[in-house]
Each structure stands twice: as structure tokens, then as C-alpha cells.
Amino acid sequence: MKRPALDLWFERVFGDADTGAFGSGWMSGVASVFLGATGVGGVCVFAFPEWLSTERFRALYPVAILRSGLEVVIGLAFVLGAISLLLRRRKVLGLTGVGLAVVASLLGGGRVAVPGVRDRSLELGLDWFLLNLLLLTLVFVPIERLFPRRPEQGVFRAGWTTDGLHFLISHVAVQALTFLILFPATTLARLWQPEALQAALRSQPVVVQFLEIVFVADLTQYLVHRAFHRVPRLWRFHAVHHSSRDLDWIAGSRLHLVDILATRSLVFLPLFLLGFRESALNAYLAFVSFHAVFIHANLRFRFRALEPFLVMPRFHHWHHAAADEARDRNFAVHLPWLDRAFGTAYLPEERWPESYGIAGDPVPEGYVSQMAYPFR
Ligand SMILES: [Zn+2]
Ligand SMILES: [Zn+2]
């Protein structure tokens, strides 16, 4: 089967094959490219806020701190790129990092002018992508290095470019995705709303509402998720998520857009109709964005005290296991006792899965190939 040109190009430029030991200039080179790209992206967000930043976040930004942070990021990209150039025989990483830092500086660096903002009907969530990427890499890359479930698995394991593209696109397209996800709920809410029930729910403390949201959301998610496993046409979409052979914090981003839209719009529908307070819904959104990443992490802790009540990495790792006895188990993503109640839980004492993925590897590598896969 011929691989799409974009997937091949992405692999060649950011190839998985080249590795390097400590002192080879590889780590400084990779960090320099990462920071340089973040610097260019950050300057672009400042220069074109109405196109590249998310309207909801704009008012919340501490602009002076972000500007200084941007200067630091660009400066570090320079220094680390220079170190990589000195240490490494192949100069592609160092040159790319330094080049990106030069471009970010020429565009204005942390002093780039910010134009006035008009309302746009289309905006890209580049700010959301850059901030979430920085935050998640700062949290998960060190703890996965320090306490790995599989020590031999590196940050740039096979398939990371594919997962990186899934992460990039689902963040940058956040506005369009949010609109589509909310569309069924807002349409239905115009026709009918259970007003007495809404008033009763809204009068409860926010913490209680938050716990109710977690329960309602995961119950809906459980049913939709199970349907995605049971119905062959739906499984072809969800198989993309299960195609990862290595699990880590970014592997959870590997999701077909149809899977994202169908699951999230159905999960959101009852939450919206029940009329929970916005503060409780926002708390849930913050929780789910962290928890969904966390349960995929390459992290060896069992969190024994929490394991019976809240989904921990080991529970969801068994959902991804290649072994036959674990197939179609552990559909819940927050509350493992939902699976125990429905008789679909599988969590053998002390053990972790030997391997992950789908027997025979039916799903191809590469973002474009994976989006096309269910339609073949
Ligand atoms: Zn699944
Ligand atoms: Zn998963």
C-alpha cells in the first residue's frame, strides 16, 4: 500500500530512526528544535492573535509574563542549538533549532507588536496547542523518565510523529471541533429543557455537581465506547486509538476525528441538558484533559489506594492490551466500578499487559492514512 506523501515527508524530517546517547548532542538538539518551534509559534500567536489565539483565553493571559517567557524560550533554543552543533556530527538538529530561534527573533521575539483584535468567525487554537504541549511535556516527560513502566521505551518511540500530529490537529482545530461537539446539545436545548430538574441540580454545591458530572459523563462514555467496540463499522474508527503499540502520555491523542466528535458530543449532551453550573463544567473539563492523558502514561505506579475508585494507568493499559483475555474490557475512563457493575472489568492482581495494540496491526501508521483507514 502506498503511503501518503505528507506522512513520508514528516517521517523523513523528524525521523524516528536516529537516536543518540547522552553527550551526542541529540538531547540538546531535540530540545532546541522543540523550543525554537515553540518560540516561532508563540511570536505568531502574539502577531496574529485574532487568527491564532482562542477567544476564551485571551482575556486571561498575563501578557508581560508570557513575553518574558517567550524571550527565555528563544534564548534557550539558541544556546541548546549551539551546544548540539558543537557536539554532534550531523548538524540538522542544531541548525534547525538555531534557525527557528533566529526566525522567532527576526519576527520580534518577546517584543513583537500586538495588533488590535477584531472578532473572527474562524480562529486556530495555536495558543492552546503551545501552552498545553509545554505544560504536558514539563509534567509527563520527566516523570515518565524517572518512573517508567517500560524503561526501554524512549520519548521518541516509534509512532510518536503520528501521535504528535493527532495532538497538534485536535488542538489547533479546537474551535471547529468545539462548535461541532456542542451543536447537538445546543440544538436540542432550544427545543426542550427540564427546567425544574436544572434548578434543583444547580442549587447544589459545586463540588457535588462536579462529582455528578463525572458520573454522568463516564456512564455515557461507557455506553458509547462499548458501542464503538461492538459495532464493526464503528470499530474501524475506534481501532485507530487501539493501534498504538507503545503507551505514553501522548498516545492517548491518537483518535479518529469521527471518534472524537461522536463520543464527545454524546457525552456532552446530557451534561448540557441537565444545566450544571459553568464553574462545575469547567472544573470537569480541566479534570478530563489531565486524566485522559494520565491514564495512558508510561508510569509504573499502581496508586493502590485509588485504584478501586478512579481509573489509573494500569486499568486503562489493560483496555489497550493485545492479549485475548483483555479484549473488550475496561470501557470506563474515570470510574472503574462502572465496568465492575456491568461485568466488563479486567484487572489481574499485580500484573501489567505484556504488549499493546491489535493483533495483525490492521491500522497503518501516519495521520492521513489513519484518517482514511475506516473509509477503505
Ligand atoms: Zn476502546
Ligand atoms: Zn486509550
Side-chain angles (χ1 to χ4, degrees), residues 136 140 144 149-150 153 157-160 162-167 169-171 214 217-267 287-300 303 307 310-336 338-340 342-347 352-363 365 367 370 373-374:
L136 292 174
F140 283 102
E144 286 187 345
R149 148 85 189 111
R150 283 172 155 183
Q153 181 183 313
R157 39 84 182 162
W160 81 272
T162 302
D163 294 348
L165 264 182
H166 277 280
F167 185 87
I169 290 167
S170 61
H171 278 74
V214 173
D218 209 24
L219 183 60
T220 321
Q221 189 281 140
Y222 176 95
L223 298 170
V224 177
H225 192 177
R226 208 168 157 173
F228 265 99
H229 277 248
R230 173 63 65 79
V231 181
R233 280 217 72 86
L234 292 178
W235 168 250
R236 293 180 68 79
F237 291 99
H238 189 58
V240 170
H241 183 63
H242 282 268
S243 66
S244 297
R245 305 204 55 131
D246 301 298
L247 291 187
D248 57 11
W249 68 277
I250 205 172
S253 304
R254 182 180 289 213
L255 281 161
H256 196 282
L257 286 172
V258 170
D259 193 349
I260 296 181
L261 288 173
T263 306
R264 293 194 195 155
S265 57
L266 289 167
V267 164
F287 166 72
V288 71
S289 1
F290 176 82
H291 194 225
V293 173
F294 169 69
I295 61 177
H296 292 93
N298 176 29
L299 202 56
R300 66 164 175 259
F303 307 92
E307 216 172 35
L310 193 62
V311 169
M312 291 290 128
R314 202 168 74 94
F315 185 86
H316 194 66
H317 278 225
W318 275 109
H319 179 65
H320 281 267
D324 264 348
E325 71 267 24
R327 190 180 300 154
D328 298 341
R329 301 281 167 208
N330 301 3
F331 296 109
V333 294
H334 300 315
L335 308 170
L338 284 177
D339 275 291
R340 292 203 292 276
F342 287 109
T344 48
Y346 185 78
L347 193 63
W352 287 78
E354 302 265 310
S355 59
Y356 305 104
I358 310 167
D361 286 322
V363 180
E365 263 308 310
Y367 185 83
Q370 294 189 348
Y373 169 74

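Remember, it's 1-based here, ligands and their atoms both numbered in the order they're listed. Please read all numbers here as calculations on a predicted model, not as lab measurements.
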- Would you kindly say whether Thr162 and Arg254 are connected by a side-chain donor-acceptor distance under 3.5 Å? no
- Task: Inspect the surroundings of CZ in Arg245 and state if more than 12 heavy atoms from other residues, nucleotides or ligands are less than 6.0 Å away.
- Result: no
- Query: Taking the six-membered ring for Trp, are His238 and His256 ring centroids under 6.0 Å apart?
  - Reply: no
- Query: Can a donor-acceptor pair be found between the side chains of His319 and His241 at a distance below 3.5 Å?
  - Reply: no
- Could you label the plane-to-plane angle of the Phe294 and Phe140 rings as parallel, tilted or perpendicular, counting under 30° as parallel and over 60° as perpendicular? tilted
- Protein-derived N, O or S atoms lying less than 2.8 Å from the Zn ion (ligand 1), waters not counted, sum to 5
- Query: When you measure from the Zn ion (ligand 2) to each N, O or S atom of His316, which atom gives the shortest distance?
  - Reply: NE2
- Query: Tell me the salt bridge (Lys or Arg N to Asp or Glu O under 4.0 Å) pairs involving residues 315-329, sequence neighbours left out?
  - Reply: Asp324-Arg327
